[in-house]
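Following: one structure in structure tokens, then a few remarks.
Note that these values count all heavy atoms, side chains included, but never hydrogens, waters or copies made by symmetry. Each residue takes its place number in the sequence, starting with 1.
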Amino acid sequence: MARTRLQQGRLASQAGFFLLFVLAPPLDILRIDLTRGHAVLLGMDWTLGIDAFLAGQGGALAAAFNLFWRGFLPLFGGAALFLWVAWRFGRLYCGWLCPHFSVVEMINGLMRRASGRPSIWERRPLPQAQADGTRQVPNAWSWIPTVLAVLGFAFLWAVVLLSYLLPPAEVYSNLFSGELTLRQGLFIGAATAALCIEFLLARHLFCRFGCAVGLFQSLSWMANDRAMVVGFDTSRARACQHCNNACDNVCPMRLKPRTVKRRMFTCTECAQCISACTQVQRGDPAGGLLRWVEGCDALPVVTGRPVGASVARAAVPAGAPAARHERSPLARHVAEGR
């Protein structure tokens, strides 16, 4: 599928963050040096500042202040900001920055070229026709680059993770000279094997249920009824009759974007469904049926209201009394992907 401008921007964001993920340890931007017993941030040693107190040479008040300033505030303040962003906008980090999700999407595309399925657990091959009108015919030879990509990225991830824990110069020097220590070799070997299995067999399961970063973002997002969400224009639902579920097919998390929010718990806000719908409906002056909405437009639809977020959302004034939520037979038909 040809990339829209939105997806080109997201690809640039993912590529930039993946490069930062790989280069952060060698450039001393951020890492935890186990040999020195403290973190390194922007080239500076980052300690808790309680060494003097532990040695019996400093006061308790100064140690408590350093512990709060250098430990508690950055850790919990950063976590609070991260969760606030998720509360407002959903799993933006996953869809736009996460280096793991970037690999997940790439392997999805390679696996679809090889088998017609983005995952080996997919029951049926996806339609060969793409949202932009092109066709993607499965080719068994594509399994070769798929397996090579799984092995290559698993190995890269293992080496990078080790460089976050040990001096990067030592890790890369030993790697290129073939003189890895026993522990370094065991770490890289075990991590590569585990990541190969995860990338090949369970990458979606990990994103949904195994990633703590993603899980807490989803929980924070679900707690806010007015958070940004993919909205579906139910008043134009008939336009979906001939699109062959393009938005469902393109979702990297294998979700159904036109359903209710509680069934989109792991949505990464990657907007691929929005881009696919825009391409399918490019001949319609009204544009695509999917878009991001937030605030009142993200609240559940009330009977008689026109447009909504997802299958059952529409603009509802703040403080409005509870009303019965209903969906038309056609909306239910679309939500179930028929």
Side-chain angles (χ1 to χ4, degrees), residues 1 3-11 13-14 85-98 101 104-105 108 118 131 204 207-208 214 217-240 243-282 284 286-301 305-316 325 327 330-338:
M1 182 180 69
R3 293 184 182 274
T4 62
R5 181 174 297 181
L6 176 64
Q7 293 304 318
Q8 290 174 351
R10 191 173 72 90
L11 179 62
S13 175
Q14 288 178 309
V85 172
W87 183 79
R88 281 288 308 274
F89 306 108
R91 293 175 63 166
L92 279 181
Y93 169 78
C94 294
W96 288 73
L97 297 176
C98 177
F101 193 70
V104 168
E105 288 191 86
N108 281 358
H204 302 108
C207 287
R208 289 189 182 189
Q217 286 182 92
S218 291
L219 291 174
S220 181
W221 180 59
M222 293 296 291
N224 182 11
D225 288 340
R226 297 170 181 262
M228 187 178 75
V229 66
V230 174
F232 175 59
D233 188 347
T234 57
S235 67
R236 299 167 54 213
R238 291 187 182 277
C240 290
C243 81
N244 205 11
N245 297 323
C247 58
D248 296 355
N249 297 334
V250 79
C251 177
M253 291 293 281
R254 315 312 305 135
L255 304 175
K256 297 184 182 299
R258 291 165 290 177
T259 191
V260 293
K261 182 178 178 179
R262 65 177 179 272
R263 295 183 181 177
M264 294 284 288
F265 180 77
T266 56
C267 175
T268 62
E269 307 292 354
C270 70
Q272 289 208 47
C273 57
I274 296 177
S275 297
C277 185
T278 300
Q279 289 188 337
V280 171
Q281 305 295 335
R282 57 186 177 275
D284 191 330
L289 286 77
L290 296 177
R291 69 190 188 283
W292 274 321
V293 294
E294 57 182 323
C296 292
D297 289 338
L299 293 173
V301 72
R305 300 281 182 177
V307 179
S310 191
V311 173
R313 305 189 199 318
V316 181
H325 295 191
R327 282 185 288 175
L330 177 59
R332 289 195 298 270
H333 181 85
V334 172
E336 294 168 2
R338 297 176 184 173

Going by side-chain hydrogen bond (donor to acceptor under 3.5 Å, both in side chains), name the residues that satisfy it together with Gln281, two or more places apart in sequence or in a different chain.
none
For Asn108, which residues count as a side-chain hydrogen bond (donor to acceptor under 3.5 Å, both in side chains) partner, sequence neighbours excluded?
Arg203, His204
Any Val229 side-chain heavy atom under 4.5 Å of Trp292 side chain:
no
Those residues at least two apart in sequence (or on a different chain) that pass side chain to side chain contact (heavy atoms under 4.5 Å, CB included) with Cys98 are Tyr93, His100, Phe101
Which of these, Arg226, Arg88, Lys261, sits in a salt bridge (Lys or Arg N to Asp or Glu O under 4.0 Å) with Glu294?
Arg88
Which residues satisfy the side-chain hydrogen bond (donor to acceptor under 3.5 Å, both in side chains) test with Ser220, sequence neighbours excluded?
none
Spacing of Thr278 atom OG1 and Gln7 atom CD [to the nearest 0.5 Å]
9.5 Å
Only counting residues at least two apart or in another chain, list the ones meeting side chain to side chain contact (heavy atoms under 4.5 Å, CB included) with Arg236.
Asp233, Asp284, Ala286, Leu289
Please name the pair of heavy atoms, one in Val293 and one in Gly231, separated by the smallest distance, quoted to 0.1 Å.
CG2-CA, 4.0 Å
Ring pair (Phe, Tyr, Trp, His ring centres under 6.0 Å) partners of Phe89, counting only residues at least two apart:
none
Can you list the residues that meet the side-chain hydrogen bond (donor to acceptor under 3.5 Å, both in side chains) rule with Gln217, with sequence neighbours excluded?
none
Could you tell me which non-hydrogen atom of Thr4 sits nearest to which non-hydrogen atom of Gln279, and how far apart they are?
CG2-NE2, 3.8 Å
Rounded to the nearest 0.5 Å, how far does CZ of Arg91 lie from SG of Cys270?
11.0 Å
For a 4.5 angstrom cut-off between non-hydrogen side-chain atoms, does Thr268 reach Trp96?
no
Can you name the closest pair of heavy atoms from Gly214 and Cys94 and give their distance?
CA-SG, 4.1 Å
Once you round to the nearest 0.5 Å, how far does CG of Leu290 lie from CD of Gln272?
13.0 Å
Over all atoms of both residues, closest heavy-atom pair of Gly95 and Gln14
O-NE2, 3.5 Å
Any side-chain heavy atom of Phe232 within less than 4.5 Å of one from Cys247?
no
Which heavy atom in Val280 sits nearest to a heavy atom in Cys243, and how many Å separate them?
CG1-CB, 3.6 Å
So, Arg254 side chain and Asn249 main chain: donor-acceptor pair closer than 3.5 Å or not?
yes
Of all residues at least two apart in sequence or in a different chain, which pass the side chain to side chain contact (heavy atoms under 4.5 Å, CB included) check with Cys267?
Trp221, Leu255, Met264, Glu269
Across all chains, not counting sequence neighbours, the salt bridge (Lys or Arg N to Asp or Glu O under 4.0 Å) partners of Arg208 are none
